[in-house]
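For the single chain, residues carry numbers from 1 onward in sequence order. Each ligand, and each atom within it, is numbered from 1 in the order the structure gives.
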Amino acid sequence: MSADEYIVYTDGACSGNPGPGGWGAVIRHGDSEKQISGREEITTNQRMELKAAVEALRSIPPGSKITLHSDSAYLINSFNQGWMERWVKNGWLNSKGNPVENQDLWNELLELSKINQVKWVKVKGHGTDQLNVRCDLLARRAIGCNEQGEEVEKREKTAGRGSARSKNGRKIRRIGLLTGGGDCPGLNAVIRAVVKGASYNYDIEVVGFNNGFKGLVENDACLISDFAVSGILNRGGTILGTSNRDNPFDYRPGGLDYSQTGADRSGDAVESLKMWDIECLVVIGGDGSLFLAHRFSKLGVPVIGIPKTIDNDLPATDVTFGFDSAVTTATEAIDKIHTTAESHHRVMVVEVMGRNAGWIALHAGMAGGGDIILIPELPFAYSCIAEKIDQRRRQGKKFSIIVVAEGAFEVGKEPVYQQKGDVQRLGGIGPLVSREIEKLTGMESRATVLGHLQRGGSPTSYDRILATRFGVKAVELFRAGSLNEMVCLRGSDIDSVPLEEAVSGIKRVDPDSELVRTAIAVGTSFGCVF
Ligand code: F6P
């Protein structure tokens, strides 16, 4: 960089599109540095990106040499790919013949680019380098309306009104929200319920952190307006993104390379919450994410947990949301597999997920009429499975369906893993069972591993309702000051338990339960001698 050159980074952040948004710019010239931060009450992403650049260029003396970095393709390409020239030539009409939006800002940018020597550089978003990170934070803080600091004053001047006040003058309170661990049907339904439950009934805003705890560490967040959660009740996945890595207490920047040493970034996570003025963090997750939530609560961060997992293996709730959807998907698959089993007189093995608990296998196996159900809680013997298949053959039933949980294993052996070590992934027992049974019975056998199909798609109506009840209950707990709790289902009632209880071990199938006994009563084999 030459001494007379200005290096500029710009960024925008928004809380729903269109919605209130903030922008930021960091300007470096020689040894001096300047920061700009502002907010517009109603804006769009694209308008903010232009606004940030306009404000930055305005603050630099005319005739300067400037390199402007932005992650906005809209802004940078307009200059670098000749769009701007074409718009000017076409009387500010775009290629479809429609008037170009934000013409006021484009005009100003054009003038500023003429009176300066500007080089436009496209960068990747959030965190390309230190300047970029700071600029990103500035833009976010502008929305965050931190009660102290320069950005708040700026916002008050720009927006002409106090920070975080509702129409009736009360202070708006903020909760943070993140989805952690594997995705699961119903996550969006919970997000919707938290946002609507908070904004419709109380002066509470919800800040969503992107990609689980990663977003918390890196302060990658956005206010979620009720507008943003419209139409997501039935959508699978999570609009916030998630991650089953990125432990803030052992944070590894290496993506899939787990050999790197982790760093304790919990301080950065706490800082992000402070920056957004968040009073309580709502964590939607399974045992791993709730364990992290619990660790944050020990650091003094108020948290509320919402139990999510298709595995249904959390001890402090009767049911987790996502489980019913996974069971429904697995049951439909077993129904379909029956067709081939019957037509080809085969043994068909269906491997389902569930980690070290057999809930999905037991429920889907029973609902789908599986002849043999193998669960981790009841180690199996191949001889018992073969005996059941032979018994069916003698009865004239020339096919059999085996539903096996990914964590099931043979007596005296270990479960089958796809990956061991720091990150363990179960999987592969289905094909193994299929091969062994073919050898033992002489019957043709095939295996189907359902895998992530069970985590995808629309939540069932049961899960939509449970997720909605959980989300609303979390807001109510916050309102009541009942923090460091996890919402839960007890019988048919929504309740809560201390988070401590919620992270104590996993809930597994009781081999002596009424459910297992019922399955046995209708002839289902568990591949073992009772
Ligand atoms: O916990 C949910 C779950 O789907 C388990 O049933 C399964 O063992 C695991 O996640 C798979 O994780 P990944 O998506 O990382 O392969």
Visitor: Side chain, backbone, both or neither: which part of L426 comes within less than 4.0 Å of ligand 1 when only heavy atoms are counted?
Guide: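 It is neither; nothing of L426 touches ligand 1.
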
Visitor: Please check whether H452 reaches ligand 1 - meaning an N/O of the residue sits under 3.5 Å from an N/O of the ligand, judged on distance alone.
Guide: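 There is such a contact, yes.
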
Visitor: Quick test: of every protein heavy atom, which one is nearest to atom 2 (C) of ligand 1, and how far off is it to 0.1 Å?
Guide: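 The answer is D311 OD2, 3.3 Å.
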
Visitor: Which residue supplies the protein heavy atom nearest to atom 8 (O) of ligand 1, what is that atom called, and how far is it?
Guide: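 The closest one turns out to be E406 OE2, 2.5 Å.
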
Visitor: Indicate yes or no: at least one non-hydrogen side-chain atom of E500 is less than 4.5 angstrom from one of H294.
Guide: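 Touching, per the 4.5 Å side-chain cut-off.
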
Visitor: Does any N or O atom in I310 lie less than 3.5 angstrom from one in ligand 1, N or O only?
Guide: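 No.
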
Visitor: Relative to each other, are the rings of F209 and W276 parallel, tilted or perpendicular (30° and 60° limits)?
Guide: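 The rings of F209 and W276 stand perpendicular, inter-plane angle above 60°.
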
Visitor: Using a distance-only test with no angle check, is there a side-chain donor-acceptor pair under 3.5 angstrom linking T518 and E514?
Guide: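 Side-chain D/A pair, T518 to E514: present.
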
Visitor: For atom 15 (O) of ligand 1, what's the nearest protein heavy atom and its distance?
Guide: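 Heavy-atom neighbour on the protein nearest atom 15 (O) of ligand 1: N244 ND2, 3.1 Å.
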
Visitor: Against ligand 1, does G182 come closer than 4.0 Å with any heavy atom?
Guide: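 The answer is no: ligand 1 sits nowhere under 4.0 Å from a heavy atom of G182.
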
Visitor: Between F323 and Y462, is the ring pair (Phe, Tyr, Trp, His ring centres under 6.0 Å) condition met? List the steps.
Guide: CA-CA 10 Å; F323 173 61; Y462 178 88; 9.0 Å; no

Visitor: Are F399 and H344, when compared by the centres of their aromatic rings, separated by less than 6.0 Å?
Guide: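 No: the rings miss the under 6.0 Å criterion.
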
Visitor: With heavy atoms of G354 as the reference, note each atom of ligand 1 found under 4.0 Å away.
Guide: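 Near G354, meaning under 4.0 Å from one of its heavy atoms, ligand 1 has 6 (O).
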
Visitor: Where on R425 is there a heavy atom closer than 4.0 Å to ligand 1, on the side chain, on the backbone, on both, or on neither?
Guide: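 Side chain only; the backbone of R425 stays clear of ligand 1.
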
Visitor: Can you tell which of R455, R245, M353, Q419 gets a heavy atom nearest to atom 12 (O) of ligand 1?
Guide: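 Of the listed residues, R455 has the closest heavy atom.
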
Visitor: Students often mix this up, so state it plainly: with edges at 30° and 60°, are the rings of W359 and H363 parallel, tilted or perpendicular?
Guide: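 Rings of W359 and H363: tilted, 30 to 60°.
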
Visitor: Would you call R490-D495 a salt bridge at under 4.0 Å N-O?
Guide: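 No salt bridge links R490 with D495.
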
Visitor: Side chains of D226 and S199 only: does a donor on one sit below 3.5 Å from an acceptor on the other?
Guide: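 Judged by distance alone, the side chains do not pair up.
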
Visitor: Which of the numbered atoms in ligand 1 are below 4.0 angstrom from a heavy atom of R355?
Guide: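 Contacts of ligand 1 toward R355, numbered from 1: 5 (C), 6 (O), 8 (O).
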
